[in-house]
Amino acid sequence: MEPEDDKSETSTTISTLPDSILCNILSFLPTRTSIATSVLSRRWRHLWKHLHVLNLDGYSFNTPELSRDHVEDRFVDFVNEVLQQVQVRRIQKFRLEGEVRNYSCTLSFWIDAVTSGPHLQELYLSLWNSSGSFYTLPYSVFSCTSLVSLILKGDIIVSFDNLQSLQLPSLKNLDLEIISTELDKLLSLCPALETLKVFIFFNSGGIDPNEIHVPRSLKRLTLESEACDSTVDHLEIHTPSLEYLDIALVACYSQISVRTYPNLVEACLNICFDDMHIDWMPKLLNAVCRTKFLALQASTTACLICVPSLEFPQFFCLVRLQIGFEFFNSRVLIDLLHCCCKLEALLIHACESVSYGCLYGEPVEPSSWTQPVSVPSCVVSHLNIIEFRDYEDLEEEHEFIAYVIERGLVLKTVTIHTRTFTDQEIKDHILKKLSVVPMGSSICQLKLD
Amino acid sequence: MELLCIRQWISGLLPTVKKWLSAWCIKPVGGALVRQEPEYILLALMGSPLKKIMLCSSEKEIFSVEEQVMVQHSVIINNMIEDGSYNHEESKIPLDCVDSKTLKKVIDYCTHHTHHHNDNQEDLEAWDAQFLNVDSNGLYDLLMAANYLEIRNLLDLIYGTIKNMIKGKKIDEIRRIFNIKDHGFTPEEEEQNRKEYPHFY
């Protein structure tokens with residue numbers, strides 16, 4: 001985009017744009033840079049003071065000559081100065097990231113100031129403290145009725161003594177990647193939540209039973225737990241509008257409540273291998289049966305294999321399936337394919353690692369190839385793409401691929417990725433073996449790497 | 001489903017059809033030139049109802065566009081249609097602050113994003129980058145139009161582009177990019193500026 005040297009009187013240049021638009025341009029810059037634009041020209045001198053958006057980056061104040069405490073002092077002075085010059089009650093978005101060593105009280109003062117304004121819509125805090133202490137979020141955040149998006153990352157704790165007069169009625173987006181939170185209490189404050197992303201390090205429920213109830217309004221849920229030594233007694237996901245589900249459960253979840261999600265588009269399930277999880281796994285599968293895209297990590301598949309007399313629901317809308325195995329199991333895969341009548345893309349990942357809950361080292365029954373009684377209908381009518389990762393040319397793997405190549409009448413591409421460090425000789429051998437399989441589809445291309 | 005097949009069939013025929021339809025395409029309606037996309041005429045002939053609205057640029061040129069497309073992207077137009085101040089039969093929406101060239105680009109953007117919203121992210125981003133490959137005048141015109149029509153995703157796209165234009169640049173460079181010929185500071189003031197922001201000069 002080259003600036004032109006001569007412009008006609010009526011053409012639009014930066015100078016003809018109104019102040020409000022110039023301010024919007026500034027709101028996309030780090031606040032420190034926005035303030036620096038005050039030297040561009042007389043007109044830009046005071047523009048930044050009308051900013052409704054603050055992007056405060058403590059890390060940008062780091063210089064090698066100054067000590068960390070000194071850097072922090074400069075940053076605190078800078079923010080104090082900024083908050084005096086802008087209209088704090090008009091702030092719509094407040095974003096702050098940095099290390100908080102000594103200024104927690106001042107930080108709470110700033111947060112109280114911006115949340116008191118009736119216009120605050122977005123609050124983003126990314127705080128890290130290398131000296132080990134954590135920052136407790138002030139209550140003013142939870143009575144901010146205009147807040148639409150709350151994103152917290154780092155060494156932050158969210159806890160409540162009591163929930164009286166706390167509410168977040170406008171909150172639509174909540175993203176937490178923090179040390180600890182009383183998640184259920186927090187979720188009870190957000191009746192309109194649409195997107196929830198939680199990475200639980202450690203759930204300080206503190207109450208027995210430890211439960212998580214997700215707001216009914218939710219459309220997108222990403223739930224990842226790292227806390228493998230805790231137990232969640234009950235996880236409830238009663239969300240009729242759910243469109244996107246991504247759960248990675250490492251802790252033990254004794255019970256879950258789900259309903260069928262009619263609007264589900266994508267589901268990614270990574271459920272660690274555990275007695276309790278095997279119990280409710282069929283319920284979860286039923287709940288996601290309307291999804292278009294499904295990804296099952298190896299741990300989930302391991303649970304599925306152990307479910308006694310597992311019956312898959314019909315996945316009427318499933319178009320793309322991604323499935324991981326610790327050890328490739330063709331029986332389970334064929335059973336699943338029988339239930340996906342519209343499947344177009346199949347991605348298999350063998351040799352994935354499995355996370356274990358309370359069941360350690362359960363002996364895995366070795367599986368072998370048995371010719372299916374009938375061909376899954378999706379193989380014949382819809383399956384276009386197959387991809388197989390970490391292929392080891394085991395007999396079962398080869399038989400499965402050969403079976404599908406032969407019967408896949410509309411297959412377009414079959415891509416096999418061997419494990420890293422596989423010899424070229426072995427790769428050539430695999431390719432040769434597969435090339436002699438009669439192809440059911442005239443346009444099918446076989447690729448190997 | 002039928003509509004989709006018809007549109008695909010027409011798109012395939014379009015190059016040849018466009019030629020002989022172009023004579024039909026420009027017809028005077030109430031003194032103004034009404035430009036109709038050929039595919040819509042064919043569809044109208046086949047009796048498929050695609051609700052369209054008319055947008056009138058500052059140069060009095062009228063653009064016909066699918067109502068669904070504009071309603072999805074422009075808050076202003078969506079509000080006009082919802083509160084009933086737009087009458088399909090006779091009225092057009094006057095956009096006196098948007099010229100024809102810019103209005104056509106805005107319509108292109110909205111139409112592409114409606115019809116291709118299922119495409120993958122990379123393709124959409126590549127299209128957006130190509131779309132914004134205009135001179136700075138055109139960019140600011142687009143910005144004003146998107147601001148007026150309240151088209152959130154186009155606004156964010158343009159602001160992001162401008163941010164990238166000036167990120168990390170020195171003052172003189174930014175003055176050049178923004179074509180700020182006269183900064184209006186006295187030499188003393190400029191000296192003061194340099195002291196305050198040495199890394200910016």
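- Residue contact with chain B, scored on non-hydrogen atoms closer than 4.5 Å, involves the side chain of A/Arg45 exclusively.
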I'd like to know whether A/Ile14 forms a side-chain contact (heavy atoms from CB on, under 4.5 Å) with B/Tyr140, so could you lay out the CA-CA distance, the side-chain angles of the two residues, the decisive distance to 0.1 Å, and finally the verdict. CA-CA 7 Å; A/Ile14 266 274; B/Tyr140 302 137; 3.1 Å; yes
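- Residue B/Lys167 holds its NZ atom at 10.0 Å from OG1 of A/Thr33, rounded to the nearest 0.5 Å.
- Of the options B/Ile158, B/Ile162, B/Leu155, B/Leu143, a side-chain contact (heavy atoms from CB on, under 4.5 Å) to A/Ile21 is made by B/Leu143 and by none of the others.
- A/Phe28 and B/Lys163 make their closest contact through O-CD, 3.2 Å (heavy atoms, listed as atom of the first residue, atom of the second, distance).
- Contact detail for A/Ser41 and B/Ile180: the closest heavy-atom pair is CB-CG2, 3.8 Å.
- Among the candidates B/Glu196, B/His183, B/Arg194, the residue making the largest number of heavy-atom pairs closer than 4.5 Å to chain A is B/His183.
- Neither the backbone nor the side chain of A/Ser27 comes within less than 4.5 Å of any heavy atom of chain B.
- Within 6.0 Å of the NZ atom in A/Lys93, the count of heavy atoms belonging to other residues, nucleotides or ligands does not exceed 12.
- Here the closest heavy-atom approach between residue B/Gly184 and residue A/Arg42 is recorded as O-NH1, 2.6 Å.
- Within 6.0 Å of the NE2 atom in A/His70, the count of heavy atoms belonging to other residues, nucleotides or ligands does not exceed 12.
- Taking each heavy atom of B/Phe178 and A/Leu40 in turn, the nearest pair found is CD1-CD1, 4.2 Å.
- The two residues A/Ser38 and B/Tyr197 come nearest to each other via the heavy atoms OG-OH, 4.0 Å.
- B/Phe185 approaches A/Val39 most closely through the heavy-atom pair CE1-O, 3.2 Å.
- Using a 4.5 Å cut-off between heavy atoms, A/Ile35 touches chain B through backbone and side chain atoms alike.
- No other option in A/Asn24, A/Leu26, A/Leu29 has as many heavy-atom pairs under 4.5 Å with chain B as A/Asn24.
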